[in-house]
Every structure is written in C-alpha cells, then in structure tokens.
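Since the structure comes first, as structure tokens, the remarks are kept for the end.
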Amino acid sequence: MAEQGKDLLVINNIEVIYDHVILVLKGVSLTVHDGAIVALLGANGAGKTTTLKAVSNLLRAERGEVTKGSILYKDKRIDSLTPNDLVKLGVVQVMEGRHCFEHLTVEENLLTGAHTRRDGRAEVMKDLEMVYRYFPRLKERRKSQAGYTSGGEQQMTAIGRALMARPNMILLDEPSMGLAPQLVEEIFEIVSELNKKEKVSFLLAEQNTMVALKYADYGYILENGRVVLDGEAKSLRENEDVKEFYLGLSTAGRKSFRDTKHYRRRKRWLA
Amino acid sequence: MTSDLNFFFEVLFGGLLSGIMYSLVALGFVLIYKASGVFNFAQGSMVLFAALTFVGILEMGVPFWPALLLCLLVMMLLAVGIERIVLRPLVNQPPIALFMATIGLSYLLEGLGQGIWGTQVRALDLGIEDLPNEMIQEALGIQVSTFDLFSAGCAAVLVGGLALFFNKTRVGLALRAVADDHQAALAVGIPLQHVWAIVWAAAGLVALVAGLLWGSRLGVQFSLSLVALKALPVLILGGFTSVAGAIVGGLIIGASEKLAEVYISTFTGGAVAAIENWFPYMLALLFLLVRPQGLFGEKIIERV
C-alpha cells in the first residue's frame, strides 16, 4: 500500500440532478488522499459513474447538475470548471466503455491525451515512451486503428491516453467491463504500479468488488445514490455484509436468489 | 478520327474541371461532417452569404484584396457566432437536433444575406476569362477554359492546405478526435467550443472560395445556394468524411455527367434529354446500394 498524504479530492455531501427532475445522488461524501487508490463500489445505477462525472464535470454535457454540496481538489472548489480546465489541473477521467477514438491509430489516440499540455514536443514524446513502457502491447499496435484493437488493448489505450496529460489523479470508470478475468488482473496490476511509481491517485468505480478491494486502499459502497458503508479495503473485504451482498459469500452457506437481501443488518448502515 | 478523339478529351476535361467546382462545395460539407457528425444543411446558404457579402463590400468601393480579407473576417465571425448561439447549447444532443438547427441556420443566412445586400442579380468579375486557354489549345489542340483551370488551381491549394492541417497539426488531430467521439474528446481536455469554431471558420473559408468562383460564373443571386444540391451526389460517391473523397467524387461526377450528356443523348437520338441534370443522382443512388460509406468514407467499425 502506498503511503497516503493529505486530502487530494474532497466531495462534500453532493446532490446531482439530471434534466432538472431526476435525483441521482442524494448526498455523497468521500475523500481521496494524495497517493491513494479509492474504490467506489455498488450495483448498477448506484451512482458510481455520476459521482465520477460530477468530479470531472462531464455531467453538464449530459444535462446533469450538481445542485448541493461542494467538490474540492487541492482545497479549491472545482464544481464550476470545464473539463478542459480540470485536465490542466491534473484530473482526467477514463470513461466507462473505453471510448477510444476508433478511426485514429493507437499512437494518435495517446497523443490526443497531451492536447492540453504546453511543455513542448520533446516532453510529450518522453511520456509516450513512458506509456509504452507500462503497456508494451500498445507499442506493437501503435499504427493500428484503435477501433480494430481488442477490448483489453482499448482499455490500455484509454488509460494511456489519460496518462499523457500527466495527471495527479485519474478517475477510472469500470476498467474491468467486458474483459477476461486474467486481463482484469493485468490492468489492475498496472494501475497499482502507476500509483506507486508515477504517484497517480485513483478514484475507481467498479462492479467487480473482489478485484477492486484487492488493489484499493480504501472503499466506499454506494446504494441508490448514497454511501452506505466505507472503510479500509481490508476491513471491507472482511465485512460480513459486503461478503454476502457483493462477494456472494455467506456464513450461512449458499443462499437462493429468491430470498431478499438481508435488510435488518443493512438498516444499521443507513441509520 | 482525331477530331472525334479531341472532342472526347474536350468533354472529359471540361467535365473533370466542372467536377472540381462541385468538389469545392462538397468540401465544406465534409469539414463540418467530420468534426460534428452533422450534415450541414446551411452550407449552400453560406456559399451564397459569402458571395453576397463580397459583392456588397466591393460595391461600397473597397478594392478587391481588402474586400476579400474583410469578407474572410466576416465568415470567421459568423463561425464563432454560430458556435456560440447554435452549437454550444446542443452539445451531446442527438445529431438530428443539430441537423435541424442547420436547417434553421440556412434560412437565417439566406434571409440575412439578401436583407442586407439586396436580392437583385449581380455580376462578379474576378478578372479571369471564361474562354478557351490559348496555350493549351496550341499545344494539345483541345479547348479548355482558363477559368476552369483557375478554379482547379484554387481547389488544389485548398485541399492541400486542409490535408496538411488535418494530418500534421495538433489542432488537426484534435479535430479528428472530436469527429470520432465528442465525450471522449471532452474527457481528455479538448475544448469542443474551439474545435467547432475552427471547423466552421474553415467551412466558411471554403464557402467563400466556392461562392466567388460559382458567383462569377452564375452571377451572385439566390440560386447560388442551390449549388449545394450538386454537392450531394459528390458526397455520396466520395464519402462524407473524406477530403480526398470530395475531390475524387467531384471528378467522377463532373466527368461522367458531361460524357453521359454528350454520348448517351446522341446514342439515343435525343430521346433521353437533359441527362446532365439527373445522371449524378442516379449514379449516387446506385452507389448507395453498393458502398454506402462512399469511396473514401470511414468504415463503420463494428467489433463482434
């Protein structure tokens, strides 16, 4: 586990409304320390992606709005900045479903990541080599159109592209989506390496609770737009409720899906 | 026999060169389609607006070159205005919404242009003769219009410049990225607003060149906005996303319609008339069946 510094990103009790009517986040608070990997867990529709987009400000393009609360990055409010400003400050989002530029080559995809930088071609080329060091597979495929590469390669391209902006923090949305278990491990290994060597902090939305808690330092569990549980990754892994609801393990043996979730215990979190 | 062959080449060259005039209009469509995935219905109106503005400025007594610069400036301002007022509120809306907006824009530009500068037909003289070039006539014995050659030259310079811009510059790369995926482009920090303003300015420049060349041939008047219709088959043939496609498509359409006009109508003894007017559309229709993305269009990548 990387040693953790002071607060890098602080989300204070935010509420997000889409299209002026749909209330998606109902007061989410979380903190990412400098140098940490923080996992944001939960089922479909829990609000993971919305939380990430609220930070990166991609929300506005989807008619979403942060109506309450505040988001601080390095102690400054960032709620009203454009995505472009945020990338310049060092916060980049890697979107769910990879979103590579299909008709550009892998290398061109990576270069678009450096769009906001003004430190000259030589520096950018140095970082390109750095990305190829972490993802040797991308170097082999640098001249192929990104649309024709495999899912794993596209995920690597998307992460590499974010790295090209020299971020302090990457908001990583569902990196495991649609990938083989072995590849998921590979991607997460690289994430944790980037965290240690390049000092990039991660806020990571995942449905794959098992893998996410293996690599993260700290975790938050979202349900219906609220944080229902948070804690050190290790303690979450051993939490009975997490085991039962998200890891499919239970002391009472296998449960039938017919049975409803064990709400008595969960009420304790909501209280 | 040689005179027959000469005649064939004359028709062919005439067709190719007039095709380049279509390409000029098609180029504007391609630029905007590439960057925003939207068919810009207002491109024809932009051609008209540019030509009207230029003639209007000339009539105010401004000499040729300053007028050209001034007109270019107007087109740039127009591009920035369009981005602010029309495009920015429509980010991430379905393409059809943007398309509808361009229809509205097209009426606005037609009205605005004619409202400011008047509706009467005006002549525009660029000082280049629309007569057979004597040098070529002496060397090859074929009649080719000097004006057509001049427009071909303009088109070549424009295309060369645009190709370099798209493929070799940082902004060009950003443009292509935006064309592929708006959201992802936002996520990596490419400011959509700048990119769109730049693209519309480039389309405005192309519209200006097309407006001047077409305007000096047809006269500056409302029907100038209809040359956009001729660009449609060019786009379908060449592909909506390719600058090279716009040129090759234009050449094919120009040459084939002139050849069809001359040879098919004589062959059928005049029973089939005015082939030139519908032949390109039929060709486009056939093409849609075989290769919907066009000759050089981007393939729709589907992973299975």
Side-chain angles (χ1 to χ4, degrees), chain A residues 52-53 56-64 82-105 107-118 121 124 145-151 154 157-158 160-165 167 170-171 173 178, chain B residues 30 33-37 83-84 87-95 97-98 166-198 239-245 293-294 296-304:
Chain A
L52 293 193
K53 285 191 171 166
S56 65
N57 269 319
L58 289 175
L59 211 55
R60 229 172 300 150
E62 291 182 351
R63 314 215 139 198
T82 63
N84 169 257
D85 292 328
L86 266 173
V87 173
K88 283 186 196 154
L89 284 179
V91 184
V92 188
Q93 175 162 13
V94 177
M95 283 194 290
E96 180 179 5
R98 309 184 272 267
H99 281 272
C100 289
F101 302 120
E102 291 186 334
H103 294 97
L104 305 192
T105 64
E107 186 155 305
E108 284 174 330
N109 261 281
L110 296 176
L111 288 175
T112 58
H115 185 82
T116 50
R117 285 171 56 173
R118 292 289 177 275
R121 201 175 160 73
V124 172
Q145 268 196 342
Y148 288 116
T149 58
S150 74
Q154 288 190 4
T157 306
R161 189 173 65 184
L163 280 176
M164 291 298 290
I170 293 181
L171 309 164
D173 198 351
Chain B
V30 168
Y33 192 85
K34 260 179 101 86
S36 44
E83 191 278 318
R84 274 285 147 77
L87 303 177
R88 198 174 288 184
L90 292 177
V91 178
N92 267 6
Q93 295 296 305
L98 272 169
F166 267 110
N167 290 314
K168 298 287 172 207
T169 67
R170 208 172 58 91
V171 179
L173 182 64
L175 287 178
R176 285 186 293 147
V178 170
D180 256 12
D181 193 328
H182 290 183
Q183 280 223 352
L186 272 176
V188 296
I190 295 171
L192 271 189
Q193 300 96 310
H194 295 187
V195 167
W196 277 351
I198 291 170
F240 276 88
T241 47
S242 163
V243 171
Q293 77 268 35
F296 294 87
E298 275 166 355
K299 276 221 197 92
I300 300 149
I301 298 179
E302 241 177 279
R303 298 178 66 245
V304 278

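Side-chain atoms are counted along with the backbone in the values below, which use heavy atoms only and exclude waters and symmetry mates. First the proteins, then the strands, lettered A, B, ... as listed; each starts at 1.
- For chain B, the nearby parts of A/Leu111 are the backbone and the side chain; heavy atoms of each come within less than 4.5 Å.
- In this structure, the side chains of B/Leu192 and B/Leu186 come closer than 4.5 Å at one or more pairs of heavy atoms.
- A donor-acceptor contact closer than 3.5 angstrom is absent between the side chains of A/Thr112 and A/Asn109.
- To the nearest 0.5 Å, the span separating CG on A/Asn84 from NZ on A/Lys88 amounts to 4.5 Å.
- Residues A/Thr116 and B/Gly189 share a closest heavy-atom pair of CG2-O, 3.2 Å.
- Under the 4.5 Å side-chain criterion, counting only non-hydrogen atoms from C-beta, A/Ile170 is in contact with A/Leu163.
- Heavy atoms closer than 4.5 Å to chain B are found in the side chain of A/Arg63, but not in its backbone.
- Distance CZ/A/Phe101 to CZ/A/Arg161: 4.5 Å, rounded to 0.5 Å.
- A/Lys53 touches chain B through its side chain: at least one heavy atom from C-beta onward sits under 4.5 Å away, while N, CA, C and O do not.
- Between the CZ atom of B/Arg170 and the CD1 atom of B/Ile190 there is a distance of 9.0 Å, given to the nearest 0.5 Å.
- Your options are A/Gln93, A/Arg60, A/Arg118, and the one with the most heavy-atom pairs under 4.5 Å with chain B is A/Arg118.
- Here the CG-CG distance, from A/Leu86 to A/Asn57, works out to 5.5 Å after rounding to the nearest 0.5 Å.
- Residue A/Ser56: no heavy atom, backbone or side chain, is found under 4.5 Å from chain B.
- For the pair B/Phe240 and B/Lys34, the minimum side-chain heavy-atom distance is 4.5 Å or more.
- Contacts from residues 172-180 of chain B to chain A, taken as heavy-atom pairs separated by less than 4.5 Å, involve B/Leu173, B/Ala174, B/Arg176, B/Ala177, B/Asp180 in sequence order.
- Most heavy-atom pairs under 4.5 Å with chain A, from the set B/Val171, B/Val188, B/Thr241: that is B/Val188.
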